[in-house]
Amino acid sequence: MTGLRRLRIVCQLGCLLGFFWLFVATEYRGLDELPYPVSLLFRIDPLAALADFFAPGAFAWQLLWPALLVIVATVLLGRFFCGWICPLGTTLDGAGRLLKSPGGRSRPGLRKIKYLLLLALSAAALFGVQVFGWFDPLSLFLRTLTFSLYPVYNLFANRVFDFFYDHHLPLISDLVNGAYPFWRDHLMAFQQPVFALGLFTALVFLAVLLLEKFERRFWCRNLCPLGALLGLCSRHALVRREPASLCSDCSRCQSACRMAATGSDGHARSECVLCFECTEYCPAERVRFGFHGREGSGQVDLRRREVVTALAVGALVGPTASIAPAAASADSYLLRPPGAVAEDEFLRRCIRCGECLKVCIGRALQPAWLDAGPLGLWTPRLVARFGYCEYNCTLCGQVCPTGAIRPLTLEQKHKTVIGLAVLDKDRCLPYARNEECLVCEEHCPTGRKAIVFEQKQVLVQSRIKILKIPRVVGKLCIGCGICETRCPVEGRSAIRVTNENESRRKRDGLA
């Protein structure tokens, strides 16, 4: 194994472990502060920067300037991010070894898909529809961890600790029980995560992994829009392969390269991820990399008709989606996290990474399906029947990498209105059954209670009874949803939060 290849493998594993560390560290540990949110990874994500660039308002320089440095480094060195840093790329390399992925020659017809997809997504974003997050490899990887793998891991870990706590096995139980406090405080979730789209998200990720059965790094070669963006930036990189084309007496580069970057027409620098494996398996040891050599000619040939078609499809999606009824207007129960910007800008900034859902203490945030409109897949929505927005929590704004959710101080958070609680008198116990119930008022967290009682005389079994009837004070309600979460009525709650009066609709915002 050559020194560069060994260094690359160490870097890949180090970046993957660093990503996992950031992921586990992005967890509520008793303080309303996250020193190391995993969104740090998205700050080096050029696709997230591109999404933010097309979104309304100013570009988030303070968050995404590292992504611009990655682009500059790619222009100079080549597509190193995919081969050295990307956690999905590292996972696909591991999956390829397990599945024994075939190498195979380059398929230009497939390889150009990612470039056409990037063009279509960019045109759609320019005309108001941003869905980069559906295809961003970093978002895809983090979504799978958050919605699927992390909940399963926590469930399994809790079962193991519970087993050894309930069944005393000499020596083993003492070791496991002794490790539990550290594991609980540093390597597990604050409470068991539960997400609605966990299975669907896992199946999407599994499909990406199984594509390795057809071709090594099938996703990276043919589908990844981030790879396409970095490929375009690296077309004239200074780091070059010598020789740039296949040797006349050997074609091993063509069959063994994980990205099929070298073929009979030359070395495609836009496809090379600088894995340096070709320097090792070259039988004559002719292959080397350096700041010299001639330009390769094996670039992707995008025809003008294909480019125009991709741009036209993307440009058509934007206006078509914009004339559809807004999801927030069609569904009065569509609630967004506190600090979320206006809905149109929110959809154009959110990259569907799932970070805000992971840190939600009250488990209120769930990934949206079609209930947030066709473009709202995987965006965060607050489902108050599942959980509530903790009154003294500002974590979701701390982890958002693109400004779709603005960071709030605790004082701002207390004034932020997510929605308005509305009583359903046909289901509320005091109204519908003349039964005493104080739950919603007891749990209301605002300084001055947003739910108050009015005494009323009612006739119960021929007797006059003084009953406390709840009433929502609209000016004080912030829509945190705890009343809906705690309502003892089975099924649909007797008090539900609507998106009426939310702060982000106000012209002056939270200034």
Side-chain angles (χ1 to χ4, degrees), residues 42 45-60 63-64 67 112-140 142-143 197 200-201 204 223-229 232 302 306-331 334-337 340-357 365-381 400-406 499 502 504-505:
F42 288 93
D45 181 3
L47 209 58
L50 189 62
D52 191 81
F53 174 77
F54 284 118
F59 182 77
L63 295 177
L64 296 169
K112 66 176 62 175
I113 292 177
K114 63 179 180 290
Y115 294 99
L116 298 176
L117 179 60
L118 175 66
L119 291 174
L121 293 176
S122 299
L126 182 63
F127 284 88
V129 173
Q130 187 274 110
V131 288
F132 284 111
W134 290 359
F135 304 96
D136 184 356
L138 302 187
S139 294
L140 193 157
L142 181 59
R143 275 199 307 267
L197 295 185
F200 172 72
T201 305
V204 171
L223 301 176
C224 181
L226 177 56
L229 176 61
L232 292 175
L302 293 178
E306 294 169 338
V307 172
V308 171
T309 301
L311 292 174
V313 169
L316 182 63
V317 168
T320 303
S322 64
I323 62 176
S329 301
D331 182 4
L334 177 60
L335 306 172
R336 295 301 190 185
V341 295
E343 184 68 12
D344 178 63
E345 183 180 354
F346 179 81
L347 291 175
R348 296 176 68 178
R349 286 191 178 278
C350 177
I351 57 171
R352 285 76 169 167
C353 64
E355 190 68 63
C356 53
L357 288 81
L365 297 182
Q366 292 289 323
W369 179 235
L370 298 179
D371 43 5
L375 303 176
L377 177 64
W378 283 312
T379 57
R381 70 170 299 174
C400 182
T402 61
I405 305 173
R406 294 179 301 166
N499 55 23
E502 56 184 350
R504 64 183 185 147
R505 296 191 186 188

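Count residues from 1 along the sequence.
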How far does CZ of R381 sit from CD of Q366, to the nearest 0.5 angstrom?
10.0 Å
Pairwise side-chain contact, I351 with P401, heavy-atom cut-off 4.5 Å (strictly under):
yes
Donor-acceptor pair between T201 and W378 side chains, under 3.5 angstrom:
yes
Could you give all pairs that pass the salt bridge (charged side-chain N to carboxylate O under 4.0 Å, His left out) test and reach residues 45-59, with sequence neighbours left out?
D52-R349
CG/L316 to OG1/T309 distance, rounded to the nearest 0.5 angstrom?
12.0 Å
Are the side chains of F53 and L64 in contact, using a 4.5 Å heavy-atom criterion?
no
Testing the basics here: between S139 and G133, what is the closest heavy-atom pair and its distance to 0.1 Å?
CB-O, 3.6 Å
With heavy-atom distances below 4.5 Å as the criterion, would you say the side chains of R348 and P56 are in contact?
yes
Can you confirm whether L334 sits close enough to D371 that some side-chain heavy atom of one is under 4.5 Å from a side-chain heavy atom of the other?
no
Within the distance-only criterion (no hydrogens, no angle test), does the side chain of Q130 pair as donor or acceptor with the backbone N or O of C350 below 3.5 angstrom?
yes
Using side-chain heavy atoms (C-beta onward) and a distance below 4.5 Å, is E306 in contact with L116?
yes
Counting neighbours of CZ on F59 that are heavy atoms of other residues, nucleotides or ligands and sit closer than 6.0 Å, is the number greater than 12?
yes
Here the gap from L347 atom CG to R352 atom CZ, rounded to the nearest 0.5 Å, amounts to 6.0 Å
Give, for atom CH2 of W369 and atom CZ of F200, the distance between the pair rounded to the nearest 0.5 Å.
4.0 Å
Less than 4.5 Å apart, any side-chain heavy atom of T402 and any of L63?
no
Could you grab the distance from atom CG of L50 to atom CG of L121, nearest 0.5 Å is fine?
9.0 Å
Could you tell me the separation between the CG atom of L118 and the CZ atom of F135, rounded to the nearest 0.5 Å?
11.5 Å
